[in-house]
Number of protein chains: 2
Amino acid sequence: MATARTSASERRRQILDAAVRVFARQGFHTCRVSDIADEAGVAYGLVYHYFRSKDEVLDTIFLERWDVMVEVIEEVDRRAELTAREKLTAITSFIVDSYRHDPDLMKVVIVEVTRAANTFGRTHLDAINRAYDRLGAIIAQGMAAGEFRDTITPQFAAMAFYGAIEQALTGWIFDMLPTGEKSFEQVKLFIVDTICGGLDAPPRPGV
Amino acid sequence: MATARTSASERRRQILDAAVRVFARQGFHTCRVSDIADEAGVAYGLVYHYFRSKDEVLDTIFLERWDVMVEVIEEVDRRAELTAREKLTAITSFIVDSYRHDPDLMKVVIVEVTRAANTFGRTHLDAINRAYDRLGAIIAQGMAAGEFRDTITPQFAAMAFYGAIEQALTGWIFDMLPTGEKSFEQVKLFIVDTICGGLDAPPRPGV
DNA sequence: AACACGATTGACTCGTCAGTCAATCCCCCC
DNA sequence: GGGGGGATTGACTGACGAGTCAATCGTGTT
């Protein structure tokens, strides 16, 4: 016979998805485990059948997503035919699309982990740094190829780049930026244009 | 006779300063009010003599500091002799120096409020936006004067700029960036150089 | 049909902690 | 020098919520 009505892994998924919604809505610290169970339409105790603790639920959500992100960054980096700027464009695009596709998930990843310096951020520092290192490597290549200026360190440039992306996502999360297809595409362009091109007007030769 | 050994406003200050240290060390959500009282060397109940709730302590800390920041931004903006880039440099310098001077305070402001989309961030959105608006105005002036390119919106440029600063502070908070006088000064330059100059190498005429 | 065993349930325990309050202290003023 | 009133104390309360657990259910197996 086929698997049960809902298999173990489906149940687990169902709880994780519910947790994402609840964490996004109420925040990790201010929600109760029973909120997650209710949202998933499942008994309180079942959450503890699939996860050791409330923390483990968040950890799982974060790592699942972050691993995908790091993988994508590495994949993009491997495409030798792309310039550094094109690589940054592809990465920006992926992250913005991730938010477009599942804003709740990205909100949780960023607000509850990436920016939570006192709790989960510290726990997952290694994972976070892995992404930074990869980004820094891409920028370093761009510098070595003469495509980027090398007056700043690649590590810092990676921070500024990722900082701009995170700030844009935060803008959406806080409703400071309009959402909508056009806004998403525009912001992608803006991020790469700002970081690569800078704000300065180019010197106008002959004037 | 002079004022009492410790006046009311000194006591209040003493509690606020202790709270900054505790929030920075343990985070707002994971510390107890008794931790603040202990750190201040004061009885538990006294915290409630000066503040209505634990939340009010954080609110007070944030607003006190944020108001100073907005004021400085406005002050810098008023100095008509400065170029837009010089204004951004002055603001960056002020914020980085704020962190250098009192890392705990800036950590609390950023980690517990500015980036906490579910709790205090939302509460203080107006205050946060006031800073963004001011920054955006400075950049808009730069564009109008032909100093900056106007291919991106000033609002977005302000986000990228502030995002880079916050990310640098986060780097220090997470121990991802070296601290020390030289690092502080270098990062100031990097931030402005990255945002204004961009990563792209300038076209080399004659090559 | 009866068993075995993981899935599922939700009432319960136990610790924690924000906020209260009545008592005490201490300073200043008359 | 004594009385008034704000400052200070810390034990206490009440609520809340994470995690436990014994009981029940449902399905596949023999």
Side-chain angles (χ1 to χ4, degrees), chain A residues 1-62 108 112-113 116 118-120 123, chain B residues 1-62 108 112-113 116 118-120 123:
Chain A
M1 187 193 270
T3 49
R5 182 81 160 264
T6 41
S7 71
S9 73
E10 280 173 49
R11 254 300 125 78
R12 198 184 139 91
R13 182 75 283 136
Q14 184 180 348
I15 293 171
L16 283 174
D17 291 346
V20 166
R21 269 173 271 135
V22 172
F23 290 161
R25 193 186 324 132
Q26 305 174 235
F28 178 82
H29 288 288
T30 39
C31 84
R32 293 159 292 177
V33 173
S34 67
D35 293 332
I36 300 173
D38 290 350
E39 177 81 23
V42 132
Y44 184 86
L46 197 61
V47 175
Y48 287 91
H49 181 71
Y50 288 100
F51 302 94
R52 260 195 297 274
S53 66
K54 190 185 174 190
D55 283 17
E56 196 181 272
V57 177
L58 214 207
D59 285 340
T60 305
I61 290 170
F62 170 74
V108 171
E112 304 295 344
V113 183
N118 283 304
T119 48
F120 292 92
T123 312
Chain B
M1 189 196 265
T3 50
R5 182 79 161 266
T6 41
S7 71
S9 72
E10 280 173 49
R11 255 296 127 77
R12 197 184 139 91
R13 182 78 279 136
Q14 184 181 347
I15 292 171
L16 283 174
D17 290 347
V20 166
R21 269 173 270 136
V22 172
F23 290 161
R25 193 185 325 131
Q26 304 175 233
F28 178 82
H29 288 287
T30 40
C31 82
R32 291 161 293 178
V33 173
S34 67
D35 293 332
I36 301 173
D38 291 351
E39 176 81 24
V42 130
Y44 184 86
L46 198 61
V47 175
Y48 286 90
H49 181 72
Y50 288 99
F51 302 94
R52 260 195 297 273
S53 66
K54 191 184 174 192
D55 283 16
E56 196 181 271
V57 177
L58 215 209
D59 285 340
T60 304
I61 290 169
F62 171 74
V108 171
E112 304 294 344
V113 184
N118 283 305
T119 49
F120 292 93
T123 311

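Proteins get letters first, then strands, A, B, ... in listed order; numbering begins at 1 in each.
- B:V108 places none of its side-chain heavy atoms less than 4.5 Å from the side chain of B:V113.
- Side-chain atoms of B:K54 and B:V57, non-hydrogen and from C-beta on, never get closer than 4.5 Å to each other.
- Across the helix from C:dA1-D:dT30 to C:dC30-D:dG1, the helix axis at one end is tilted relative to the axis at the other end by 0° (nearest 10 degrees, each axis from five pairs).
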Interface polar pairs with nucleotides 3-5 of chain D, N/O, under 3.5 angstrom:
none

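- A parallel orientation is assigned to the rings of A:H29 and B:H29, their planes being inclined by less than 30° (bins at 30° and 60°).
- Proximity of A:Y44 to A:D38: side-chain heavy atoms (C-beta onward) are nowhere separated by under 4.5 Å.
- At whole-Å resolution of the value, CZ in A:R12 and C1' in C:dA7 are 15 Å apart.
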Steps toward side chain to side chain contact (heavy atoms under 4.5 Å, CB included) verdict (A:R25, A:R21): CA-CA 6 Å; A:R25 193 186 324 132; A:R21 269 173 271 135; 4.3 Å; yes
Would B:R11 and B:Y50 satisfy side chain to side chain contact (heavy atoms under 4.5 Å, CB included), going step by step from the backbone distance to the final call? CA-CA 9 Å; B:R11 255 296 127 77; B:Y50 288 99; 3.4 Å; yes
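- Residues B:Y48 and B:V33 have side chains in contact (heavy-atom distance under 4.5 Å, counting atoms from C-beta outward).
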Per-nucleotide protein contact string for nucleotides 16-23 of chain D, where B marks a base within reach and S marks sugar-phosphate only (heavy atoms under 4.0 Å, - for neither): -SBBB---
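- In this structure A:D35 satisfies the side-chain hydrogen bond (donor to acceptor under 3.5 Å, both in side chains) test together with A:Q26, A:R32, sequence neighbours excluded.
- Listed here is the closest heavy atom pair of B:C31 and B:F23: SG-CE2, 3.5 Å.
- Closest approach of B:A18 to B:E39, counting heavy atoms only: CB-CG, 3.6 Å.
- You'll find the side chain of B:F28 stays beyond 4.5 Å of the side chain of A:N118, heavy atoms only.
- A:E112 places none of its side-chain heavy atoms less than 4.5 Å from the side chain of A:T119.
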Might you list the N or O atoms of the protein lying below 3.5 Å from N or O atoms in nucleotides 6-8 of chain D, with each pair's distance?
from, atom 1, to, atom 2, distance (Å)
D:dA7, OP2, B:H49, NE2, 2.8
D:dT8, OP1, B:R11, NH1, 2.1
D:dT8, OP2, B:Y50, OH, 2.7

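- A:I15 places its CD1 atom 13 Å from the C1' atom of C:dT9, with the value rounded to the nearest Å.
- The salt bridge (Lys or Arg N to Asp or Glu O under 4.0 Å) test applied to A:D55 returns no partner, not counting sequence neighbours.
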